[in-house]
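See below for the structure under consideration.
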Amino acid sequence: MSALLQVQGLTAGYGDFQALHGIDLSLPEGEVLAIIGANGAGKSTLLRTLAGALALRSGSVRFAGRAIGGLPAHQVCAAGVALVPEGRRLFPSLSVQENLQMGAYVRRPGPWDLAAVYALFPILSDFRQRPATELSGGQQQMVALGRALMSNPRLLLCDELSLGLAPVVVRDIYRALPTVCAQGVSVIVVEQDISQALGVARHVVCMREGRVVLAGAPAELTREQIAQAYFGAV
Ligand code: ATP
């Protein structure tokens with residue numbers, strides 16, 4: 001079966017600084033891929049480039065048989081890729097429901113609508129008219145995830161879902177991912193919280209200094225291999 005996402009030789013950066021140095025990765029349909037790595041490894045840059053929020057400099061991105069590398073963000077979204085950005089980036093003056101509806105601005109046909117998001121995160125349904133900023137950090141993360149799902153993506157890119165959240169809340173959010181996958185959505189999670197990422201993913205990629213330094217199935221990788229890839233040779 002051909003991959004849903006195939007990335008080859010991807011480079012990207014900021015001004016004179018090259019942040020990604022030839023990233024290769026692929027994701028089969030229906031799977032969860034975890035991208036781990038320390039601060040500054042390039043994980044967010046990679047997700048932002050895949051989502052079209054940052055221009056790629058060279059390399060190719062094929063998604064569902066189509067070249068999407070270099071397309072602007074709204075076209076990448078229309079093709080079926082949605083980003084849950086680091087820090088959530090909710091619209092502070094809007095209610096929970098209005099934030100969710102913003103995610104449907106570019107929308108493909110599919111199962112995700114307000115009712116489906118409220119079924120996934122029932123607590124949000126109680127707060128639908130509240131300003132999103134009045135919610136706890138974990139609830140806001142649920143809104144950010146729900147907003148991305150409202151576009152009916154085939155691929156969901158999640159940047160640091162666990163950042164700043166209590167472990168019990170992180171667990172609740174991660175528990176939703178298998179339900180999301182069961183609806184035909186493939187997922188890439190970027191995480192510094194390695195145990196969460198490895199628990200949910202079928203494949204893991206470790207990045208360091210803008211390169212993929214380790215890739216494989218979590219069960220096939222030793223703690224030593226992961227630690228060395230994460231922190232570098234000691
Ligand atoms: P973190 O977990 O801290 O978000 P990361 O692995 O996601 O780390 P990136 O945020 O992608 O890493 O950063 C990769 C490199 O690009 C770092 O050296 C960072 O300083 C640099 N960088 C990120 N954003 C910018 C920017 N807007 N302008 C200039 N350099 C940037």
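From a predicted model like this one, the values you see are computed outputs, not experimental measurements. As the structure lists them, so they are numbered: ligands from 1, and atoms in each ligand from 1.
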**Prompt:** Do Phe63 and Arg154 pass the side chain to side chain contact (heavy atoms under 4.5 Å, CB included) test, and can you show the C-alpha distance, the side-chain angles, and the key distance before you say yes or no?
**Reply:** CA-CA 10 Å; Phe63 175 71; Arg154 285 179 75 179; 3.8 Å; yes
**Heavy-atom pair with the smallest gap, counting every atom of Gly184 and Glu29** = O-OE2, 4.3 Å
**Asked** Any donor and acceptor pair, going by atom type alone, linking the side chain of Arg48 with main-chain N or O of Thr45 inside 3.5 Å?
**Response** no
**Asked** Name the residues with a heavy atom less than 4.0 Å from ligand 1?
**Response** Tyr14, Phe17, Ala19, Ala38, Asn39, Gly40, Ala41, Gly42, Lys43, Ser44, Thr45, Glu86, Glu160, Gln192
**Request:** State, yes or no, whether a side-chain contact exists between Ile23 and Val205 at a heavy-atom distance under 4.5 Å.
**Result:** no
**Asked** If you look at every heavy atom in Ala144 and Val84, which pair is closest and at what distance?
**Response** CB-CG1, 3.9 Å
**Asked** Of all heavy-atom pairs between Ala3 and Ser26, which one has the smallest distance, and what is that distance?
**Response** CB-CB, 4.1 Å
